[in-house]
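Below is one structure, written out as structure tokens, with a few remarks after it.
So that the names make sense, note that chain A is the first sequence line, chain B the second, and so on, each numbered from 1.
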Protein chains: 2
Amino acid sequence: MARKRGSHSDITGPKVRTAALRLFARHGFAAVSMRQIAGEVGVQAGALYLYTPDKQTLLFDLMKEHMDELLSAWDHTEKGRTPFSQLEAFSRFHIRFNLERPEAIFIAYMELRNLSSENFGKIEKLRKEYEDKLEEILCFGQTTGDFLVPDTKLATMAVIAMLTGVNTWFRQEGRLSRERVEEIYWDMVRRSVAK
Amino acid sequence: MARKRGSHSDITGPKVRTAALRLFARHGFAAVSMRQIAGEVGVQAGALYLYTPDKQTLLFDLMKEHMDELLSAWDHTEKGRTPFSQLEAFSRFHIRFNLERPEAIFIAYMELRNLSSENFGKIEKLRKEYEDKLEEILCFGQTTGDFLVPDTKLATMAVIAMLTGVNTWFRQEGRLSRERVEEIYWDMVRRSVAK
DNA sequence: GTCTATAGAAAGATAGAC
DNA sequence: GTCTATCTTTCTATAGAC
């Protein structure tokens, strides 16, 4: 009964982040004004500063939250014991996770240069952490003799780039289901590294 | 003897484009002001409008010129007659061309959303034209029985994403030469589509 | 062809009323 | 917690002198 008006910080806070995510993804961080974000949320521009100290921190928080979620989600994913099952798990996980949050992914790749150098360092560290998960799998496959990879660092970058590329063209209503896309990409990834 | 001062449009014009290319690539189109570009060139902000009608056209011209150059360069590349030789030519060409002009590539991928919808359409058409070159090679390999690709559209996107990814991590002074990187990527591309 | 000067709009952020 | 009002800066683009 109480609090019909006022005290909306538990609601407005997330709304600000959602609106910023959408707008940053669509038009780019530098091209979006605080007034536009406020307009989406339905508050005045000044009110945004109740939820973030400044625009830069708003961007950083979105990216940080995304990276934490990515690493946590992978940690909770069933991987199997063989190199092949782990690589398949990674390929499918990466495609699925990315397709579920295209806006956050877009920002994570496009807005790195708009981070302050301090914030950039923190995000880069998390991104590296994620890449290392894949590299470990490739190394594992090398030791078992399942994979043949001339350079695991390069193969890691190549596979991630290939998988991430799905987001640039995949459409929900398109010709292929997400499941089918996973299938085809996993097949290409497997062949590109299998002995 | 004449024209020590004045009449520099044949020099200043290119300088404007070079400066814009550098700055757009480094900080993003929306984050760069006409004053910054003018500062790099060594003229006043107002003088830029002698060389471009507005900021949007400056971006479009950079991207258009880049795409024309890309298509023309591929047309003049030796390709061989077999699917394998053509795919190798494409893989090596793509990596080499991209590494030779990282700034233009960066802009071509990052600033699409900052084009007016009319300009976007023109650039997209050229990009599609380039992708079709690769798809034709994959189709060719399918008919000869050299390649086994479940879906040529997807394989096209996957291969291009993989090759384009090189630009995100390659450094001139790094561990691997461009030639060696070409070698490794061509090997992965080949294995991912070969029968 | 470049300059200064400036118009006119919009940006990020803050102050203080309610 | 949100509002209006506003400070200060910066932006794109133009006008007119030289």
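When each of A/P53 and A/A31 is assigned the nucleotide of DNA chain C bearing its nearest heavy atom, the one mapping closer to the 5' terminus is A/A31. When each of A/Q36 and B/A47 is assigned the nucleotide of DNA chain C with its nearest heavy atom, B/A47 is the one assigned upstream, toward the 5' end.
For the pair A/L58 CG and C/dG12 P, the interatomic distance rounds to 11 Å; values are reported in whole Å. Look at NZ on A/K55: it is 19 Å from P on D/dT9, rounded to the nearest Å. In this structure, the CD atom of A/Q56 is 16 Å from the C1' atom of C/dA11, given to the nearest Å. Here D/dT4 presents its P atom at 12 Å from CZ of A/R35, a figure rounded to the nearest Å. Regarding B/I37, its CD1 atom lies at a distance of 11 Å from the P atom of D/dC11, rounded to whole Å. In this structure, CG of A/L48 is placed 13 Å from C1' of C/dA11, rounded to the nearest angstrom. A straight line from CG of A/D54 to P of C/dA13 spans 5 Å, rounded to a whole angstrom. Atom CZ in B/F29 sits about 13 Å away from atom P in D/dC11, given to the nearest Å.
Remark: aromatic rings of B/F147 and B/F140 are distant, center separation not under 6.0 Å. Side-chain rings of B/F93 and B/H76 stay apart, their centers remaining 6.0 Å or farther from each other. Between B/W74 and B/F90, the ring centre distance stays below 6.0 Å.
A donor-acceptor pair is defined here as one N or O able to donate and one able to accept, closer than 3.5 Å; such a pair exists between the side chain of B/R113 and the backbone of A/A25.
For A/Y49, taking side-chain heavy atoms from C-beta onward, the closest of the listed nucleotides D/dG1, C/dG1, C/dG12 is C/dG12. Here the nucleotide nearest the side chain of A/M34, chosen from D/dC3, C/dA13, C/dG1, is C/dA13. In the set D/dC3, C/dG12, C/dC3, the nucleotide with an atom closest to the side chain of B/V43 is C/dC3.
Within the structure, every side-chain polar atom (N or O) of A/S33 is placed at least 4.0 Å from both OP1 and OP2 of C/dA10.
Across all strands shown, B/V41 has no heavy atoms under 4.0 Å from either base or sugar-phosphate atoms.
Checked for salt-bridge contact, A/R22 and A/E40 meet the test: a charged N lies under 4.0 Å from a carboxylate O.
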